[in-house]
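First comes the structure, then the notes that go with it.
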Number of protein chains: 2
Amino acid sequence: MRPISNSGEILCHSCPARKSRLCSALDEKAIYELDAIATRIEIKPHGYLFEEEDPSDYVYNISTGIGLLERLSSDGRRQIMAFLFPGDFAGLLPDAIASVSAKALSRLTACRWHIRDLDALMERHPELEHRLRRIGGRVLATTLDQVFVLGCKNAREKLAYFLLHMEHRQKAALGPRETLHLPMTRVDIADYLGITVETVSRVFSKIKREGLIELPDPNNVVIKQREHLQDIAEYYPDGH
Amino acid sequence: MRPISNSGEILCHSCPARKSRLCSALDEKAIYELDAIATRIEIKPHGYLFEEEDPSDYVYNISTGIGLLERLSSDGRRQIMAFLFPGDFAGLLPDAIASVSAKALSRLTACRWHIRDLDALMERHPELEHRLRRIGGRVLATTLDQVFVLGCKNAREKLAYFLLHMEHRQKAALGPRETLHLPMTRVDIADYLGITVETVSRVFSKIKREGLIELPDPNNVVIKQREHLQDIAEYYPDGH
DNA sequence: CGTATTCTTGATTGGCATCAATCCAGGTGG
DNA sequence: CCACCTGGATTGATGCCAATCAAGAATACG
């Protein structure tokens with residue numbers, strides 16, 4: 001059976017997210033059908049995949065590029081809920097109960113499904129719903145980690161957590177790298193951790209002086225003392 | 001068809017959480033089966049429903065009483081992830097990826113299902129999995145609200161959010177009340193909001209002096225100026 | 001009724017925010 | 001090719017909100 005996409009250059013079988021948690025281990029027939037109801041979309045840097053006000057009728061799966069989920073308050077404060085890597089999902093809240101926007105940090109391509117189409121497909125492939133539930137569970141687990149960090153940790157601990165978490169995400173999405181690339185600005189990091197840009201910058205400088213990391217340039221980090229960082233953050237993404 | 005519980009005084013048909021999002025609108029047969037694989041459990045005040053280290057092989061649905069989900073760090077800091085009201089679920093993370101404990105604030109009764117039993121039942125009743133997915137979606141939405149509050153808001157705004165949120169939860173679980181009962185201590189509130197007991201106490205006193213609330217006693221609040229509180233918290237649980 | 005626990009209030013400290021200036025790389029146009 | 005501009009990053013000076021330390025008041029409990 002040859003996969004046919006209804007609208008785009010990347011087909012499921014050649015998709016960078018082919019091994020994503022939604023597609024992998026689905027049988028050929030299900031993948032074919034999933035492909036048939038998918039729309040390929042592309043967002044330019046700084047563009048939005050969807051915004052708070054939009055009716056949340058779609059589920060997205062990032063194929064390539066980096067994005068973020070953010071929420072804004074009326075007086076301009078911003079909280080970043082997550083950074084999006086290839087394979088990640090967005091728009092998993094069908095009730096439109098969560099108002100977040102998804103913004104592209106780089107050129108970004110994604111698969112989009114209409115909720116109704118997905119619901120219909122799930123009726124015939126219950127395995128699909130099971131997978132979506134597990135994906136949701138992982139998102140929740142990560143969000144609980146974030147709650148813990150925001151509620152309990154100081155600036156130094158927050159940044160240590162951030163670096164290790166980003167390294168972990170990047171490894172999962174793109175494979176192991178020798179240096180950690182940070183595609184976001186210092187402001188983004190600050191808004192993710194609930195601190196200010198200046199504080200982020202200061203802590204970067206401090207842990208660099210202390211030899212915990214190297215900073216070839218602001219967007220690239222070499223972690224020199226992983227265990228020390230893990231102890232600071234109390235975060236061990238791959239076990240102790 | 002008469003419902004038969006395998007272990008307890010409360011049957012599904014007389015369950016206080018009977019109208020919970022899991023059971024409601026399931027057909028009689030599914031409810032019967034759900035009942036058959038449920039275990040009724042009871043926890044004393046300050047006891048634990050489950051703890052961080054436990055293998056998370058169970059899903060729980062609170063029947064009566066109040067509880068909380070907490071995570072502790074090695075140096076004693078604590079973050080409360082949620083307060084549990086009748087009808088709420090806990091243990092929704094099958095991967096054991098989220099280490100949280102569930103503690104009882106009062107005498108607490110709950111339904112417990114083994115994941116395996118539930119998985120087997122879902123094979124025959126896909127509607128059940130669909131419901132669990134939606135429940136998980138709601139939990140995630142609430143947790144995202146919490147992230148926003150922890151990351152962006154000051155002590156005053158946090159407490160305003162807390163009061164309105166608790167009122168909303170209490171209304172949903174127990175029906176409308178004229179006064180808001182707070183079954184948790186000031187320390188619990190502090191650990192939920194990422195601030196200290198003293199700060200909680202001070203803000204309570206302040207908004208009481210300002211006439212936003214009345215405090216007949218520390219555990220009961222009468223909200224006098226709901227709209228003002230909503231504006232402080234930027235939180236409108238039932239729309240504007 | 002005494003003891004423990006929780007809550008509240010006061011005094012002081014400190015970590016991070018705020019305000020402000022400078023640095024630096026990349027892009028643009030003369 | 002270079003002067004200029006711009007947005008992001010860094011560093012410094014100062015101030016403030018909430019943490020910390022400490023003590024007293026209120027309430028629950030054996």
Side-chain angles (χ1 to χ4, degrees), chain A residues 45-46 66 68 73 75-80 103 105-106 149-163 180-210 213-221 232, chain B residues 44-46 68 73 75-80 103 105-107 149-163 181-210 213-221 232:
Chain A
H46 311 300
I66 310 282
L68 58 80
S73 73
D75 58 355
R77 283 176 277 181
R78 182 176 75 143
Q79 178 63 42
I80 291 179
K103 187 179 183 179
L105 286 175
S106 64
V149 168
L150 288 173
C152 287
K153 308 224 172 273
N154 63 30
R156 182 183 172 84
E157 295 163 341
K158 283 177 174 177
L159 193 63
Y161 164 79
F162 174 78
L163 292 175
L180 170 60
H181 180 69
L182 301 177
M184 68 291 289
T185 68
R186 295 287 188 264
V187 175
D188 291 333
I189 298 173
D191 288 348
Y192 179 73
L193 296 175
I195 52 182
T196 60
V197 214
E198 295 92 331
T199 299
V200 170
S201 195
R202 275 183 245 276
V203 177
F204 260 118
S205 301
K206 186 125 190 289
I207 63 178
K208 177 184 171 185
R209 275 198 304 278
E210 295 170 344
I213 61 166
E214 282 174 9
L215 274 177
D217 68 273
N219 291 317
N220 285 288
V221 182
I232 292 172
Chain B
K44 294 198 212 337
H46 310 300
L68 58 81
S73 73
D75 59 353
R77 283 177 275 182
R78 183 176 73 144
Q79 178 63 42
I80 291 179
K103 186 180 184 179
L105 286 175
S106 63
R107 176 178 174 278
V149 168
L150 288 173
C152 287
K153 306 222 171 280
N154 63 29
R156 183 185 172 82
E157 295 162 341
K158 282 176 175 178
L159 193 63
Y161 164 79
F162 173 78
L163 292 174
H181 180 69
L182 301 177
M184 68 291 288
T185 67
R186 295 287 189 264
V187 174
D188 292 333
I189 298 173
D191 288 348
Y192 180 75
L193 296 175
I195 54 183
T196 59
V197 213
E198 295 93 328
T199 299
V200 170
S201 195
R202 275 184 245 276
V203 177
F204 260 119
S205 301
K206 185 125 190 291
I207 63 178
K208 178 185 170 183
R209 277 198 304 277
E210 295 170 343
I213 61 167
E214 282 174 8
L215 274 176
D217 68 274
N219 292 316
N220 285 288
V221 182
I232 292 172

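Residue numbers begin at 1 in each chain, while the letters A, B, ... track the order of the sequences.
- B:Asp75 is listed as a side-chain neighbour of B:Arg77, based on a closest heavy-atom distance under 4.5 Å.
- Between B:Leu159 and B:Thr199 there is no side-chain heavy-atom pair separated by less than 4.5 Å.
- Across all strands, B:Ser201 comes closer than 4.0 Å to base atoms (heavy-atom distances).
- Straight-line distance from the CZ atom of B:Arg186 to the P atom of C:dT6: 12 Å, rounded to whole Å.
- When each of B:Val197 and A:Val197 is assigned the nucleotide of DNA chain C bearing its nearest heavy atom, the one mapping closer to the 5' terminus is B:Val197.
- Side-chain N or O atoms of B:Gln79 include one that pairs as donor or acceptor with a backbone N or O of B:Tyr192 at under 3.5 Å.
- You'll find the side chain of A:Leu215 stays beyond 4.5 Å of the side chain of A:Asn220, heavy atoms only.
- Among the heavy atoms of the strands lying under 4.0 Å from B:Asn154 are primed sugar atoms or P, OP1, OP2 only; no base atom is included.
- Spacing between atom CG of B:Asp188 and atom P of C:dT6 amounts to 9 Å, rounded to whole angstrom units.
- Not one side-chain nitrogen or oxygen of A:Thr196 sits closer than 4.0 Å to the OP1 or OP2 atom of C:dC16.
- A:Ile207 is listed as a side-chain neighbour of A:Leu163, based on a closest heavy-atom distance under 4.5 Å.
- Regarding A:Arg77, its CZ atom lies at a distance of 13 Å from the P atom of C:dA17, rounded to whole Å.
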Which letter, B, S or -, goes with each nucleotide of nucleotides 19-28 of chain C from 5' to 3', with contact meaning a protein heavy atom under 4.0 Å? B---------
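- The interatomic distance linking A:Leu159 (CG) with C:dC16 (C1') rounds to 14 Å, in whole Å.
- A:Arg78 has its side chain within reach of A:Val187: a pair of non-hydrogen atoms, C-beta onward, lies under 4.5 Å apart.
- Separating the CG atom of B:Asp191 from the P atom of C:dC7 is a distance of 12 Å, rounded to the nearest angstrom.
- Distance, B:His46 NE2 to C:dA4 C1': 13 Å, rounded to whole Å.
- In this structure, B:Ser205 reaches the sugar-phosphate backbone alone: every heavy-atom distance under 4.0 Å involves primed, P, OP1 or OP2 atoms, never a base.
- To the nearest angstrom, P of C:dT8 lies 13 Å from CD1 of B:Ile195.
- The shortest side-chain heavy-atom distance between B:Phe204 and B:Val221 falls under the 4.5 Å cut-off.
- Bounding nucleotides for the chain A contact on DNA chain D, 5' to 3', at a heavy-atom distance below 4.0 Å, are D:dA9 to D:dA13.
- Expressed to the nearest 0.5 Å, how far NZ of B:Lys153 lies from OG of A:Ser73 amounts to 5.5 Å.
- Look at CG on A:Leu193: it is 14 Å from C1' on C:dC16, rounded to the nearest Å.
- Residues B:Thr185 and B:Asp188 are in side-chain contact: their nearest non-hydrogen atoms beyond the backbone lie under 4.5 Å apart.
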